[in-house]
Structure formats: C-alpha cells, structure tokens
Amino acid sequence: MTLTSNTILKNDQPFVEKVLRNALEVVDEMIITVSCKSTDGTKQVVEQLEKEFPNKIVLSYEDVKDVKMLTWIRQVQLDQSKGDWIWFLDGDDLWNPETVKEIKKHFEDNIDAISVDPYQLVSLEHYDQEWWNKSFTKFFKKQKGVHYEGDWPQDWIYKDDKRLYWKENIKRVPRMSQFKFYHLALLKAYSFRQEHVAYKYTNIVPTKLPEEDITWLSSQNIKGLSL
C-alpha cells in the first residue's frame, strides 16, 4: 500500500522543515500547497525540499480570496494523490517515522480510515492534559466516494454520505490511541487557524510526557523547541 501526504502551509516556521523531513522518510508522495501570503520563509524551505526530493514532492501555491475555499484546495490535493492511502498532515504535526511505519501495517485492514491521538505540546517535556480525549482522522483510504464537505475550517472527510469520524463509526474508523503525534500549535508564533477563527486554547494543564517521548524529542534537535 502506498501513502501520499496532503499538506497546506502558511507561515509554519520554525518547525516545518523537520515536520516534512520526518514525513518524507515514510511517504511515497507528498503533495504540498503553500499560501502565496506566507512571509516567514516557509515557501523557501519547501522549495529547497522540492529540489532535494523532486520525485516525491508535488508543490503548488494558493492565493484564495476566501479561506473557506481551502476545502476546495484539499479536494484538489486528494484528487491529485496517487497513493492508496492519504495522510492528512498539517505543518505543525510532528511525527516519529517509526510510528507511521506501524500505522501503515493497518492499511490492509478492512477499514476506511484511522484516528490517532495528539500530544498537544506546551514544552519539550510537557503536553496539555486537557487534550487527553481528542482524536483525529489523520489517515484514510483513497477510494470511490471519498471527498471533503464543509467550508474550511469546518471541513470533514466523507465516504459517500458518511463522515469518517471515529465517534460515528468506530468499526470503519478505529481510534488507535497507541499511536501518538506531537502537535506544535502552542509553540509557534503564528497559527493559520487563529488568524481566521476566534479560537483560543484555554485551561491548559501541563503534564509530563512519558520519558521515551522526551528522549525522542530531545534527539530531534528541533529549532525553536525547548524547555
């Protein structure tokens, strides 16, 4: 089974290069759309990666007048993808490639998607305990009837008329909580979502990460990620 990642970026420094390089270890194809309004060097990072990985990265740019149209951009990426499975990869989602390799073993299962849990990082050693019960559909099978509905950022992935959401169909969209990724939104200076949505992270409860996660994060030498 092949894997294509789909990513929309705008001002995702300082973590975007590490996010993408880790993902490049485990994808067959990476489709990236960068906002023409991005000003922090994200475009230059992606353009350099495209030169390094011309056979993997498919790069384009968007200049939508209304951010609701980002749902349309997502659909274009999905239609363009050649992989058997799609990885919904945001610019602030840091993954251990070994975790993705384990997830890929489930692509042969009789399922439509996979929901996984984030560690919402507040530092190199702590995550937000308030996010303990969140889980997101990050991997889904490319098949007939799969499409996006709803205006961004309220867009959802569907198969025919069924939303690929674990709470609505746990058999077809299993929640695999053993697989974690690191969400870096709180550690960035800029948030795509917060620019356009009256959304704030509240009631943050810092909680110590498992030691193995701290060790791995420390080994990554990620610029901008510190205690």
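Keep in mind that the numbers below use all heavy atoms, side chains included, and drop hydrogens, waters and symmetry copies.
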Answer yes if the side chains of Ser135 and Asp117 hold a donor-acceptor pair under 3.5 Å, and no otherwise.
->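 Yes, because at least one side-chain N or O of Ser135 sits under 3.5 Å from a partner of the opposite role on Asp117.
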For Thr2 and Asp84, test the side chains for any donor-to-acceptor distance below 3.5 angstrom and give the result as yes or no.
->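 Checked: Thr2/Asp84 side chains pair up, N/O donor to acceptor below 3.5 Å.
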ring-ring contact (aromatic ring centres under 6.0 Å, His included) partners for Phe139, two or more places apart |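 So Phe139 forms a ring-ring contact (aromatic ring centres under 6.0 Å, His included) with Trp87, Trp95.
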Could you list the residues that satisfy ring-ring contact (aromatic ring centres under 6.0 Å, His included) with Phe88, not counting sequence neighbours?
->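 ring-ring contact (aromatic ring centres under 6.0 Å, His included) check on Phe88 returns nothing, list empty.
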Can you see which heavy atom on Arg172 is nearest to which on Ile111, and at what distance?
->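 For Arg172 versus Ile111, the nearest heavy atoms are O-CB, 3.5 Å.
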Name all residues meeting the salt bridge (charged side-chain N to carboxylate O under 4.0 Å, His left out) criterion together with Glu102; count only those two or more places apart in sequence or in a different chain, and write none if there are none.
->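 Salt bridge (charged side-chain N to carboxylate O under 4.0 Å, His left out) list for Glu102, sorted by chain: Lys105.
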Between Glu47 and Lys43, is there a salt bridge with N-O shorter than 4.0 Å?
->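 Here Lys43 does not pair with Glu47 in a salt bridge, since their nearest N and O are not under 4.0 Å apart.
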Before accepting this row, confirm whether a basic side-chain N of the pair Lys138/Asp90 lies closer than 4.0 Å to the acidic partner's carboxylate O.
->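 Salt bridge between Lys138 and Asp90, a charged N being under 4.0 Å from a carboxylate O: yes.
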Keeping the roles fixed (side chain from Gln75, backbone from Tyr148), state whether a donor-acceptor pair exists under 3.5 Å.
->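 Yes, Gln75 side chain to Tyr148 backbone: donor-acceptor pair under 3.5 Å.
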Would you confirm whether Asp92, through its side chain, and His183, through its main-chain N or O, come within 3.5 Å as a donor-acceptor pair?
->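 Not at all, since once roles are kept as given, no pair shorter than 3.5 Å links the two residues.
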With the side chain counted from C-beta on, respond yes when [X] and [Y] share a heavy-atom pair under 4.5 Å apart, and no when they do not.
X      : Y      : value
Val205 : Asp128 : yes
Leu186 : Ile204 : yes
Phe140 : Val146 : yes
Ile86  : Ile157 : no
Val19  : Thr7   : no

Within 6.0 angstrom of [X] [atom1], more than 12 heavy atoms from elsewhere:
X      : atom1 : answer
Lys37  : NZ    : yes
Lys68  : NZ    : no
Trp216 : CH2   : yes

CD1/Ile32 to CG/Leu49 distance, rounded to the nearest 0.5 angstrom?
->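 So the CD1 of Ile32 and the CG of Leu49 are separated by 7.0 Å.
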About how many Å separate CG of Leu94 and OH of Tyr119, when rounded to the nearest 0.5 Å?
->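 Reported value, rounded in 0.5 Å steps: 13.5 Å.
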